[in-house]
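Below: the structure, in structure tokens.
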Amino acid sequence: MGVHECPALLLLVSLLLLPLGLPVLGAPPRLICDSRVLERYILEAREAENVTMGCAEGCSFRENITVPDTKVNFYAWKRMEVEQQALEVWQGLALLSEAILRGQALLANSSQPSETLQLHVDKAISGLRSLTSLLRALGTQKEAISLPEATASAAPLRTFTIDTLCKLFRIYSNFLRGKLKLYTGEACRRGDR
């Protein structure tokens, strides 16, 4: 095995370990900057959304779950300070993680939880943990807390409530494709300078 094959092997091993939520020792701290990594999580989120689209029984929650608003005003986003973008992404990830964990608990308490649905919820939880670890390795959490005035002046995170698994996976997919992708793209570009 030549030296040129090692980065590809490292990426492959990293991608295999990430769904387990395990830290990947020796992985480049900028693994999230490889577009294939984020695209893999986006694909999983879309698959989960598609599976739940036609689901009627077992996909409705007995209570509403609060999720982050995933709409992005691109003009406002580009004008936003990096710290505010980071704060919005970290708060969104935290709220989305709580929402999916709550969805998992509600699904487990349903009369007959589907194994397929449970598998997609478990994948989403694992994916969010892995993405959180990848963002920490990139150092973006420091940006979110670097300026105390950023948290004081930032508008509170916009949220709304949902009542189905399909809507939860749609929010998950939109968040990854929207705010997270925008933010990681910019963080990776800043890191290249």
Side-chain angles (χ1 to χ4, degrees), residues 14-22 31-32 34-74 77 85-136 138 140-141 144 156-185 187:
S14 299
L15 287 175
L16 292 173
L17 292 176
L18 284 175
L20 300 174
L22 300 173
L31 187 61
I32 191 79
D34 183 339
S35 62
R36 296 172 294 185
V37 173
L38 187 54
E39 287 301 322
R40 183 178 151 266
Y41 291 105
I42 291 170
L43 179 65
E44 283 182 3
R46 283 184 174 166
E47 286 174 6
E49 180 184 354
N50 291 337
V51 164
T52 57
M53 277 184 153
C55 175
E57 191 174 320
C59 289
S60 293
F61 300 132
R62 287 172 287 168
E63 62 185 63
N64 288 334
I65 297 177
T66 303
V67 293
D69 185 0
T70 58
K71 292 180 188 142
V72 178
N73 176 333
F74 293 101
W77 184 266
Q85 290 176 350
L87 183 64
E88 197 161 317
V89 167
W90 281 105
Q91 287 178 336
L93 272 174
L95 186 56
L96 196 51
S97 293
E98 287 175 29
I100 291 179
L101 286 170
R102 185 67 192 136
Q104 180 186 42
L106 291 171
L107 185 62
N109 290 334
S110 66
S111 58
Q112 295 177 342
S114 160
E115 287 183 31
T116 303
L117 295 179
Q118 190 62 49
L119 174 69
H120 285 290
V121 171
D122 292 346
K123 276 185 172 181
I125 291 168
S126 176
L128 284 168
R129 286 181 181 147
S130 297
L131 287 167
T132 300
S133 295
L134 289 169
L135 285 173
R136 277 193 191 113
L138 188 59
T140 60
Q141 195 171 25
L157 183 68
R158 293 184 321 254
T159 63
F160 61 97
T161 59
I162 51 103
D163 60 355
T164 68
L165 200 53
C166 181
K167 290 176 185 174
L168 180 59
F169 283 127
R170 184 176 307 129
I171 295 300
Y172 176 45
S173 174
N174 288 345
F175 185 82
L176 297 184
R177 289 183 298 128
K179 292 180 182 180
L180 186 65
K181 191 171 187 176
L182 283 171
Y183 179 71
T184 56

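The model shown is predicted, which means the values in this text are computed figures rather than measured ones.
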Worksheet item: Who passes side-chain hydrogen bond (donor to acceptor under 3.5 Å, both in side chains) against D69, sequence neighbours left out?
Response: R158
Worksheet item: How far does CG of L96 sit from OG1 of T159, to the nearest 0.5 angstrom?
Response: 12.5 Å
Worksheet item: For the residue pair G92 and L157, what are the closest heavy atoms and their distance?
Response: N-CD2, 3.9 Å
Worksheet item: Do L134 and T184 come close enough that some side-chain heavy atom pair is under 4.5 Å?
Response: no
Discussion item. Between E49 and H120, is there a side-chain heavy-atom distance shorter than 4.5 Å?
Written reply: no
Item to complete: Evaluate side-chain contact (heavy atoms from CB on, under 4.5 Å) for N109 paired with R62, printing each intermediate quantity in order.
Response: CA-CA 10 Å; N109 290 334; R62 287 172 287 168; 3.4 Å; yes
Worksheet item: Heavy-atom distance under 4.5 Å between the side chains of L165 and L168, does that happen here?
Response: yes
Worksheet item: If we only count heavy atoms from C-beta on, is the Y172 to V67 side-chain gap below 4.5 Å?
Response: no
Discussion item. For the CD atom of Q118 and the CG atom of L107, what is their distance to the nearest 0.5 Å?
Written reply: 5.0 Å
Item to complete: Any chance you could measure L180, atom CG, to N174, atom CG, to the nearest 0.5 Å?
Response: 12.5 Å
Discussion item. If you compare all heavy atoms of T66 against all heavy atoms of A99, which two are closest, and at what distance to 0.1 Å?
Written reply: O-CB, 3.6 Å
Worksheet entry | Gap separating the CD atom of E98 from the CD1 atom of I65, nearest 0.5 angstrom | 11.0 Å
Practice prompt. Please name all residues satisfying side-chain hydrogen bond (donor to acceptor under 3.5 Å, both in side chains) with N50, sequence neighbours left out, ordered by chain then number.
Written response: none
Worksheet item: Mind checking what makes side-chain hydrogen bond (donor to acceptor under 3.5 Å, both in side chains) contact with R102, not counting sequence neighbours?
Response: E63
Practice prompt. Would you name the heavy atoms of K179 and E88 that are closest together and state the gap between them?
Written response: NZ-OE2, 2.6 Å
Fill in: CG on D163 to SG on C59, rounded to 0.5 Å
11.5 Å
Worksheet entry | Partners meeting side chain to side chain contact (heavy atoms under 4.5 Å, CB included) with T164 (sequence neighbours left out) | S60, C166, K167
Item to complete: Output the distance between atom CG (L176) and atom CG (L128), rounded to the nearest 0.5 Å.
Response: 7.0 Å
Practice prompt. With sequence neighbours excluded, tell me which residues meet side chain to side chain contact (heavy atoms under 4.5 Å, CB included) with I125.
Written response: I100, L101, Q104, V121, R129
Worksheet item: How close do Y41 and V37 get, heavy atom to heavy atom, and via which atoms?
Response: CD1-O, 3.2 Å
Worksheet item: Taking all atoms of both residues into account, what is the closest heavy-atom pair of V89 and F175, and its distance?
Response: O-CZ, 3.6 Å
Worksheet item: Is any side-chain heavy atom of L87 closer than 4.5 Å to a side-chain heavy atom of Q91?
Response: yes
Discussion item. I'd like to check the side chain to side chain contact (heavy atoms under 4.5 Å, CB included) partners of T132; sequence neighbours left out, ordered by chain and number.
Written reply: W90, L93, R136
